Amino acid sequence: VNVSSQVIAAMETQLSNGPTCNNTSNGPSTITNNCSSPVESGSVEDSKTNLIVNYLPQNMTQEELKSLFGSIGEIESCKLVRDKITGQSLGYGFVNYVDPKDAEKAINTLNGLRLQTKTIKVSYARPSSASIRDANLYVSGLPKTMTQKELEQLFSQYGRIITSRILVDQVTGVSRGVGFIRFDRRVEAEEAIKGLNCQKPPGATEPITVKFANNPSQKTSQALLSQLYQSPNRRYPGPLAQQAQRFRLDNLLNMAYGVKSRFSPMAIDGVTSLAGINIPGHAGTGWCIFVYNLAPDADESILWQMFGPFGAVTNVKVIRDFNTNKCKGFGFVTMTNYDEAAVAIASLNGYRLGDRVLQVSFKTNKTHKA
DNA sequence: TAAAATT
């Protein structure tokens with residue numbers, strides 16, 4: 001954990017060297033879910049093993065989720081929640097451990113971990129119930145000077161707030177005067193609408209609007225479909241238009257599913273692997289990266305933390321001595337996309353981890369070398 | 001005036 005925090009701190013420095021600090025952070029409030037309520041405390045539903053994971057990258061699969069959290073301890077079950085129609089990730093999921101201690105360790109280790117443009121949130125799942133659904137409010141007309149803390153103070157009189165957020169201009173960082181409040185229970189949200197909609201917050205000159213937030217899941221699939229359907233070249237496809245259309249389709253698929261196809265460097269493999277040419281690092285299911293000079297106590301989570309921010313990571317492995325179970329000084333990381341793997345290697349090769357300088361490269365197939 | 005929080 002000590003080494004892990006060093007990596008996270010270093011990655012923060014590495015990744016925040018542009019003006020994208022505001023758009024890359026999710027900015028959710030860090031209010032802790034305390035899932036024990038007087039009524040449900042001690043019941044089987046009040047689980048100390050079941051976690052909800054929020055703000056997952058769009059292209060993260062259930063297998064990647066399981067692999068990431070499986071690096072902490074044995075998982076009883078794992079589910080990435082997807083759109084029922086399109087199958088797209090809704091950006092959150094559940095991980096249920098066998099051992100409550102592993103669930104606690106996962107919160108301590110993985111909450112706040114940066115993966116690509118997201119900062120994931122790991123917390124105990126509340127017992128599933130209709131009373132906690134549709135408890136999210138959309139608030140507009142807020143004074144631009146109002147802080148997240150002040151927003152929470154205004155709404156907290158109506159119930160327990162799970163998350164709060166004020167949207168800000170991506171360039172200036174100034175409040176856009178709109179935000180979200182998620183209550184623990186729907187009845188609390190209903191009372192907040194009654195009490196605060198069309199009311200002026202203390203010191204404000206204009207009344208605010210408070211209503212139930214829309215469900216964001218429908219819009220994405222519709223936007224993708226209409227974007228495809230309304231493409232100008234769609235009605236009269238000649239060869240060029242078809243190619244352009246294909247390019248847009250690839251981009252859409254890439255945005256929606258993280259899929260790369262023939263316009264990406266992955267396509268090189270489709271030709272060269274047929275010709276029997278070995279490509280360094282490519283193992284068929286992704287790009288395998290060799291990481292050398294890891295400490296004896298290195299574990300899988302450190303590899304996730306180092307490589308996850310660069311893109312889709314499907315697997316990590318620390319090679320250990322059979323008898324001592326200590327890391328033998330190296331490990332492997334598999335990344336889906338060539339370009340993300342290349343950036344990760346360029347960024348992490350020569351990286352100083354504690355008192356060690358890492359060597360990072362595509363894995364070479366030594367058995368085929370002379 | 002809109003970001004993926006209950007399987």
Side-chain angles (χ1 to χ4, degrees), chain A residues 22-35 37 40 45-47 49-60 62 65-66 69 75-96 111 115-142 144 148 151 159-170 175-186 188-189 197-198 206-224 255-258:
Chain A
N22 281 327
N23 1 343
T24 53
S25 69
N26 305 302
S29 74
T30 51
I31 291 176
T32 306
N33 288 334
N34 181 354
C35 63
S37 69
E40 289 148 341
E45 292 297 317
D46 192 10
S47 171
T49 60
N50 195 25
L51 303 179
I52 184 166
V53 187
N54 290 294
Y55 311 108
L56 293 169
Q58 175 60 232
N59 62 4
M60 191 169 195
Q62 181 164 295
L65 183 67
K66 184 172 186 180
F69 282 79
I75 290 173
E76 192 277 325
S77 60
C78 171
K79 179 163 191 176
L80 178 71
V81 180
R82 297 190 183 87
D83 183 287
K84 284 190 178 68
I85 298 167
T86 67
Q88 289 178 79
S89 167
L90 295 185
Y92 68 94
F94 296 88
V95 176
N96 191 21
N111 183 41
L115 293 175
Q116 298 171 246
T117 62
K118 302 289 188 174
T119 302
I120 70 170
K121 181 177 177 184
V122 184
S123 54
Y124 288 113
R126 292 171 288 164
S128 183
S129 138
S131 66
I132 67 173
R133 295 184 57 181
D134 304 315
N136 197 24
L137 296 180
Y138 175 75
V139 187
S140 58
L142 294 168
K144 298 288 196 288
Q148 184 182 351
L151 181 67
R160 185 157 75 93
I161 297 169
I162 300 300
T163 54
S164 68
R165 167 181 292 180
I166 289 178
L167 302 185
V168 298
D169 184 284
Q170 290 187 353
S175 167
R176 295 166 64 184
V178 302
F180 294 89
I181 292 280
R182 179 179 297 277
F183 278 103
D184 183 36
R185 293 158 59 187
R186 183 179 172 93
E188 296 169 339
N197 185 36
C198 302
E206 299 297 325
I208 61 173
T209 300
V210 184
K211 56 206 234 183
F212 283 109
N214 295 334
N215 192 334
S217 62
Q218 315 276 344
K219 193 186 162 193
T220 309
S221 54
Q222 280 182 5
L224 279 171
M255 281 193 296
Y257 304 107

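Order of the sequence lines fixes the chain letters, A, B, ..., with proteins taken first and strands second; residue numbering starts at 1 for each chain. Just so we're clear, the structure is a prediction, and the values are computed from it rather than from any experiment. Below, all heavy atoms of this structure are taken into account, side chains as well, without hydrogens, waters or symmetry copies.
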* Looking across every strand, which nucleic acid part, if any, lies under 4.0 Å from A:Lys84 by heavy atom: base, sugar-phosphate, or nothing? -> nothing
* Within the structure shown, what part of the strands sits under 4.0 Å from A:Leu167 by heavy-atom distance: base, sugar-phosphate, or nothing? -> sugar-phosphate
What's the [atom1]-[atom2] distance between [X] and [N], to the nearest Å?
| X | N | atom1 | atom2 | result |
| --- | --- | --- | --- | --- |
| A:Ile161 | B:dA5 | CD1 | P | 16 Å |
| A:Lys211 | B:dA3 | NZ | C1' | 15 Å |
| A:Arg185 | B:dT6 | CZ | P | 16 Å |
| A:Ile181 | B:dT1 | CD1 | P | 19 Å |
| A:Tyr92 | B:dA3 | OH | C1' | 13 Å |
| A:Leu51 | B:dT6 | CG | P | 16 Å |
| A:Asn214 | B:dT1 | CG | C1' | 9 Å |
| A:Asn54 | B:dA3 | CG | C1' | 12 Å |

Of all the nucleotides listed ([options]), which has the minimum atom distance to the side chain of [X]?
| X | options | result |
| --- | --- | --- |
| A:Ile52 | B:dA2, B:dA4, B:dT6 | B:dT6 |
| A:Ala125 | B:dA4, B:dA2, B:dT7 | B:dT7 |
| A:Arg176 | B:dA4, B:dA2, B:dT6 | B:dA2 |
| A:Ile162 | B:dT1, B:dA5, B:dT7 | B:dA5 |
| A:Arg126 | B:dA2, B:dT7, B:dA5 | B:dA5 |
| A:Ser128 | B:dT7, B:dA3, B:dA5 | B:dT7 |
| A:Phe94 | B:dA2, B:dT7, B:dA5 | B:dT7 |

Distance below 4.0 Å between [X] side-chain N/O and [N] OP1 or OP2:
| X | N | value |
| --- | --- | --- |
| A:Arg165 | B:dA4 | yes |
| A:Lys118 | B:dA4 | yes |
| A:Arg82 | B:dA4 | no |
| A:Thr163 | B:dA5 | no |

Do [X] and [Y] come within less than 4.5 Å of each other through their side chains, counting heavy atoms only?
| X | Y | answer |
| --- | --- | --- |
| A:Thr209 | A:Asn197 | yes |
| A:Lys121 | A:Thr119 | no |
| A:Phe212 | A:Leu137 | yes |
| A:Arg186 | A:Arg133 | no |

* To do: Flag as yes if A:Phe180 stacks onto the base of B:dA3 (centroids under 5.5 Å, planes under 30°), otherwise no.
  => yes
* B:dA4 base stacked by A:Tyr55? Criteria: ring centres under 5.5 Å, plane angle under 30°. ->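 Whether judged by distance or by angle, A:Tyr55 falls short somewhere, so it does not stack on the base of B:dA4.
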* Asked: Do A:Asn136 side-chain and B:dA3 base share a donor-acceptor contact under 3.5 Å?
  ->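 A donor-acceptor contact between them is present.
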* Asked: Partners of A:Tyr138 by ring pair (Phe, Tyr, Trp, His ring centres under 6.0 Å), sequence neighbours excluded?
  -> A:Phe180
* **Any residue meeting ring pair (Phe, Tyr, Trp, His ring centres under 6.0 Å) with A:Phe94, in chain and number order, not counting sequence neighbours** =>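 So A:Phe94 forms no ring pair (Phe, Tyr, Trp, His ring centres under 6.0 Å) with any residue.
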* Closest nucleotide of DNA chain B for A:Tyr138 versus for A:Ile132: which of these residues is on the 5' side? -> A:Tyr138
